[in-house]
Amino acid sequence: MIDFLVTLRERNEPFYYYGLLCLMGAVLCLLLVRLAPLQVLGTSAWYKPFKFLLSTTIFVWSMGWFLHYLGPVRAVTWYTWVIIALFTIENLYVVVQAARGLTSHFNVSTPAYAAWWITMAIAAVGISVATAIIGFRFFSGSFPALPESYLWGIRAGLIVFIIFSMQGLTMGARLAHSVGGPDGSPGLPVVNWSKVYGDLRIAHFMGMHALQVLPFIGFYLLRTTRGILLVGILYAGITTAVFVQALMGKSIFSLFR
């Protein structure tokens, strides 16, 4: 892990430090889960900023690692700082609302909250669009030094990430992540995914973390382009099935009862 962080700092210093800052924030939020009594929708108010800050760390560190392969081009610098700005907008509002014991997502109870919610949604879409633009370079460029299975793992991960990050618009349009019942129903610890109703966050989570899962498989477990493409298709298919299950108002955990 130390070697990874040292190399990451050399590859993309802004993403390294921003990810480190978000990681420290996530740890602080986890401590506040135990120390602060605030609750939102029946669970600690600090779980949401913990999840968002940790997810941000994973994302920027992953992209900081991958962007190195594009070389020292101006587009990488622009992308890095745009992503940092957009994530800061999202995370700052999530943290502030948690500290106030209020919801951040889908909160349109006042004009000010509605404006912030719209701003967050625009920032989230901006992250997806910016990643799609920079991600195109992984398809148009030549990378002879990278194993083909690893390269296609990055490409497949980017595709699935972009699709299912935009799937967040489904939740935004509904002003809820649960289908078939209200948000705040009994859920899994920490992630709070509903065990009673359909929950659109599960497919969102799976799709976004394809950006780590598929490159990892392509580098360490598979050595053929066909293999990683088949795994990518399977991963996308399972994630889509989980999304459809949620849209039907059925909890994925009902399959195991």
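Keep in mind that what you see is a predicted model, and the values were worked out from it rather than measured.
A pairwise comparison of heavy atoms in N192 and R201 identifies O-NH2, 2.7 Å as the closest pair. Shortest non-hydrogen contact noted between D199 and S194 is OD2-N, 2.9 Å. Among all heavy-atom pairs drawn from T239 and G207, the shortest one is CG2-N, 3.8 Å. Taking both residues in full, the closest heavy atoms of A236 and F164 are given as O-CZ, 4.3 Å, listed atom of the first, atom of the second, then distance. For the residue pair T103 and N107, the shortest heavy atom distance occurs at O-ND2, 3.0 Å. A98 and L38 make their closest contact through O-CD1, 3.6 Å (heavy atoms, listed as atom of the first residue, atom of the second, distance).
Other residues, nucleotides and ligands place more than 12 heavy atoms under 6.0 Å from the CZ atom of R174. Within 6.0 Å of CZ on F143 lie more than 12 heavy atoms contributed by other residues, nucleotides or ligands. Around CZ of F136, the count of heavy atoms belonging to other residues, nucleotides or ligands within 6.0 Å does not exceed 12.
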Derivation of the side-chain contact (heavy atoms from CB on, under 4.5 Å) call for H68 and L8: CA-CA 9 Å; H68 168 75; L8 176 65; over 6 Å; no
Derivation and outcome, side-chain contact (heavy atoms from CB on, under 4.5 Å), residues I252 and I202: CA-CA 9 Å; I252 189 174; I202 303 175; 3.6 Å; yes
Evaluation steps, side-chain contact (heavy atoms from CB on, under 4.5 Å), between L211 and L158: CA-CA 6 Å; L211 191 59; L158 283 165; 3.7 Å; yes
Pair V60-I84, side-chain contact (heavy atoms from CB on, under 4.5 Å): steps then yes or no: CA-CA 8 Å; V60 298; I84 288 173; 5.7 Å; no
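The aromatic ring centres of F87 and F52 sit 6.0 Å or more apart. Note: W65 and F4 meet the aromatic proximity criterion, with ring centroids under 6.0 Å apart. A centroid separation of 6.0 Å or more is found between the aromatic rings of F138 and Y69.
Each of F253, F205, Y47 was checked for a ring-ring contact (aromatic ring centres under 6.0 Å, His included) with W193, and the lone residue meeting it is F205.
Scored by the side chain to side chain donor-acceptor pair (under 3.5 Å) test, S149 finds no partners at all (sequence neighbours excluded).
For residues 113-138, the set of pairs meeting the side chain to side chain donor-acceptor pair (under 3.5 Å) definition, not counting sequence neighbours, comprises Y79-T131, R100-Y113, S128-S165. Sorted by first and then second residue, the ring-ring contact (aromatic ring centres under 6.0 Å, His included) pairs involving residues 6-34 (not counting sequence neighbours) form an empty list.
From L21, atom CG reaches atom OG1 of T88 across 8.0 Å, with rounding to the nearest 0.5 Å. Here CD of Q167 is found 11.0 Å from CE of M206. Values are rounded to the nearest 0.5 Å. The CG atom of L222 sits 5.0 Å away from atom CD1 of I228, with the distance rounded to the nearest 0.5 Å. Taken from NE2 in H177 to OG1 in T170, the straight-line distance is 14.0 Å, to the nearest 0.5 Å. Note that OG1 of T225 is 7.5 Å distant from CH2 of W152, once rounded to the nearest 0.5 Å. Distance check, rounded to the nearest 0.5 Å: CD1 of I127 to CD1 of I162 gives 12.5 Å.
In this structure, the side chains of E90 and T56 stay at 4.5 Å or more apart for every pair of heavy atoms.
With hydrogens and angles left out, the side-chain atoms of S178 and D183 include a donor and acceptor closer than 3.5 Å.
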